[in-house]
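Order of the sequence lines sets the chain letters (A, B, ...), proteins ahead of strands, with each chain counted from 1.
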Protein chains: 2
Amino acid sequence: MRLVVARCQVDYAGRLTAHLPMATRVIMRKNDGSVLVHSDGGSYKPLNWMSPPCKVAEGTSEEGVPEWLVTGKDGDTLRILLEEVLHDSAHDLGVDPGLQKDGVEKHLQELLAEHPATLAEGLTLVRREFPTAIGPVDLMCRDAEGRSVAVEIKRRGEIDGVEQLTRYLELLNRDPQLRPVRGIFAAQEIKPQARVLATDRGIACAVVDYDALRGMDDPTERLF
Amino acid sequence: MRLVVARCQVDYAGRLTAHLPMATRVIMRKNDGSVLVHSDGGSYKPLNWMSPPCKVAEGTSEEGVPEWLVTGKDGDTLRILLEEVLHDSAHDLGVDPGLQKDGVEKHLQELLAEHPATLAEGLTLVRREFPTAIGPVDLMCRDAEGRSVAVEIKRRGEIDGVEQLTRYLELLNRDPQLRPVRGIFAAQEIKPQARVLATDRGIACAVVDYDALRGMDDPTERLF
DNA sequence: ACGTCCATCTCGAGT
DNA sequence: ACTCGAGGTGGACGT
């Protein structure tokens, strides 16, 4: 890892062309050749960058200014003109042990699979990831009367989740073995527009309390 | 901007929880309070981070190890334990003049607006960004028989683009002035699943050749 | 402020 | 290798 602070101008050409006028920025050069150009604002996304695999050629521009020419795999190029280098240091970081994530939608799905009755009175699980031609339905259940219920689970319930469940229901209701199939749209939070669309299509909405579900969960079943 | 290289452990708690074991990493602290933790690989996305607005409290852990506690707006927290600091420098970058971008979907829309007949024989443009209650239709056209045609343009044609066009068509076909309105889904590349869905809904697909369109384009109309 | 949609998206899982 | 869906998506542009 090499960290450089410099007055620089950056030009990218690839899927699009992008230009950064001369200014002071931080340039991060990773060991895999990738380059990130950061300013002192914005979010985690660099102003300009080159993803690996790529390589850097250090040279000099026609005006005698130091220049880095980064070339990516699809002929993408990133050209960095270094007018003035204010800082330059290299660091051996070693290999990172990596990020450990815990749960989002998957965990929510596990919890709801264990406690389907929290979605609707008398609901029982048929199976998780119920396969269809256009993808798996998160939970396939049966209600107290033995009718099929398809459940789509999202962390945040938005309009595209309703569209997705609608497609599943459309397909599932063509199957004489299953029909009639109704839908439940389950999420920790359901946006008003999604709720309106769901209701309009006869899909029930269920707001789930993640923490409450975790409380119901038996911790002895898990390792963490 | 402050750049720190340190052996550190990082824990995030917010929408999810994520843990980084003790290892050497680069920590970037921007002036707006945001923090980025980078390793020597991956792409431009940090291993862990906190987006602005947020603030950092520098303290000491129970074991007497320096600790940064970053708190975000939704109660998100990022805790960084600094076991050993290998580098620490601060830099005044000033305000960045910002990135200038050119091209992609917008340009494609301009080109197709100039050459609608490449989408379908005899097609003529009515207007770009044709307004509807649920958003603008990319191109509203008329075919050789004078019937309305709504065109949705994407760089890559995926399923959600078909959904989008479907919603437009559903709405447009309620308008007695316009109906019947048919749809064309135009993209540089159309995914098989998107094509299947479009065909099933009676929407035509058009694969557009960006470079060929650029060739047809009159360069004297542009500045670049 | 919220909603919608694009992105040099990135990233991971499944086929 | 490719495809598909999710993201602590981020960011721009509209109402």
Side-chain angles (χ1 to χ4, degrees), chain A residues 10-18 34-37 41-52 54 70 72-78 98-99 101-106 108-109 129 131 134-136 138 152-156 158-161 163-164 191-194 196, chain B residues 11-18 34-37 41-52 54 70 72-78 98-99 101-109 129 131-136 138 152-156 158-161 163-165 167-168 187 189-194 197:
Chain A
V10 186
D11 290 278
Y12 169 78
R15 307 281 268 272
L16 54 71
T17 58
S34 60
V35 179
L36 284 63
V37 180
S43 184
Y44 63 69
K45 195 176 179 181
L47 291 169
N48 231 326
W49 73 94
M50 183 67 77
S51 303
C54 64
V70 192
K73 59 181 172 309
D74 296 320
D76 296 19
T77 58
L78 188 71
L99 186 66
K101 281 190 185 183
D102 168 29
V104 227
E105 188 186 311
K106 194 182 164 198
L108 202 56
Q109 191 192 106
E129 302 285 350
I134 56 171
D138 287 340
E152 175 64 34
I153 303 166
K154 294 284 177 210
R155 188 172 55 78
R156 285 186 336 203
E158 298 179 19
I159 213 161
D160 58 341
E163 297 283 18
Q164 194 180 339
K191 293 286 168 70
Q193 297 219 355
V196 168
Chain B
D11 290 279
Y12 168 78
R15 307 286 261 276
L16 55 72
T17 59
S34 60
V35 179
L36 284 63
V37 180
S43 185
Y44 65 68
K45 195 176 179 182
L47 291 168
N48 232 328
W49 72 95
M50 184 66 78
S51 303
C54 65
V70 192
K73 57 180 174 310
D74 297 320
D76 296 19
T77 58
L78 189 71
L99 186 66
K101 281 189 186 185
D102 167 33
V104 226
E105 187 188 311
K106 194 182 161 200
H107 195 194
L108 199 57
Q109 191 192 105
E129 302 285 349
T132 77
I134 55 171
D138 286 340
E152 175 64 33
I153 302 166
K154 294 283 177 213
R155 190 168 57 79
R156 286 186 341 202
E158 298 180 19
I159 214 159
D160 58 342
E163 297 286 15
Q164 194 180 338
L165 179 52
R167 288 198 297 273
Y168 288 141
E189 173 200 359
I190 295 179
K191 295 287 167 69
Q193 296 218 356
L197 185 63

What is the distance from [atom1] of [X] to [atom2] of [N], rounded to the nearest Å?
X	N	atom1	atom2	result
B/Glu163	D/dG5	CD	C1'	14 Å
B/Glu152	C/dT4	CD	C1'	12 Å
A/Glu129	D/dA6	CD	P	10 Å
B/Glu158	C/dC9	CD	P	11 Å
A/Asp11	C/dT8	CG	P	16 Å
B/Ile153	C/dC5	CD1	C1'	14 Å
A/Lys101	D/dT9	NZ	P	10 Å
B/Asp76	D/dG8	CG	C1'	7 Å

Distance-minimising heavy-atom pair for [X] and [Y]:
X	Y	value
A/Lys73	A/Pro52	NZ-O, 4.4 Å
A/Val70	A/Cys54	CG1-SG, 3.9 Å
A/Ser51	B/Ser43	OG-OG, 3.4 Å

- Query: More 5' along DNA chain C: A/Met50 or B/Gln164, using each one's nearest nucleotide?
  - Reply: B/Gln164

- Considering heavy-atom distances to DNA chain C, does B/Tyr168 or B/Leu99 have its closest nucleotide positioned more toward the 5' end? B/Tyr168

- Task: Could you list the residues that satisfy side chain to side chain donor-acceptor pair (under 3.5 Å) with A/Asp11, not counting sequence neighbours?
- Result: A/Gln9, A/His19

- Less than 4.5 Å apart, any side-chain heavy atom of A/Glu163 and any of B/Asp160? no

- Query: Is there side-chain contact between A/Asp76 and A/Tyr12, with heavy atoms separated by less than 4.5 Å?
  - Reply: yes

- Note on the structure: The nucleotide from D/dC4, C/dT8, D/dG8 with an atom nearest the side chain of A/Ala18 is C/dT8

- Message: Work out how far the C1' atom of C/dA7 is from that of C/dC11, and round it to whole angstrom.
- Response: 14 Å

- Message: What's the gap between D/dG8 and C/dC5 when it is taken at their P atoms, as a whole Å value?
- Response: 22 Å

- Item | Residue list, side-chain contact (heavy atoms from CB on, under 4.5 Å) with B/Ile190, at least two apart or on another chain | B/Phe185, B/Ala187, B/Ala194, B/Arg195, B/Cys205, B/Val207

- Message: So if I define the base as every atom that isn't primed, P, OP1 or OP2, how would nucleotides 10-15 of chain D read as a B/S/- string at a heavy-atom cutoff under 4.0 Å?
- Response: SS----

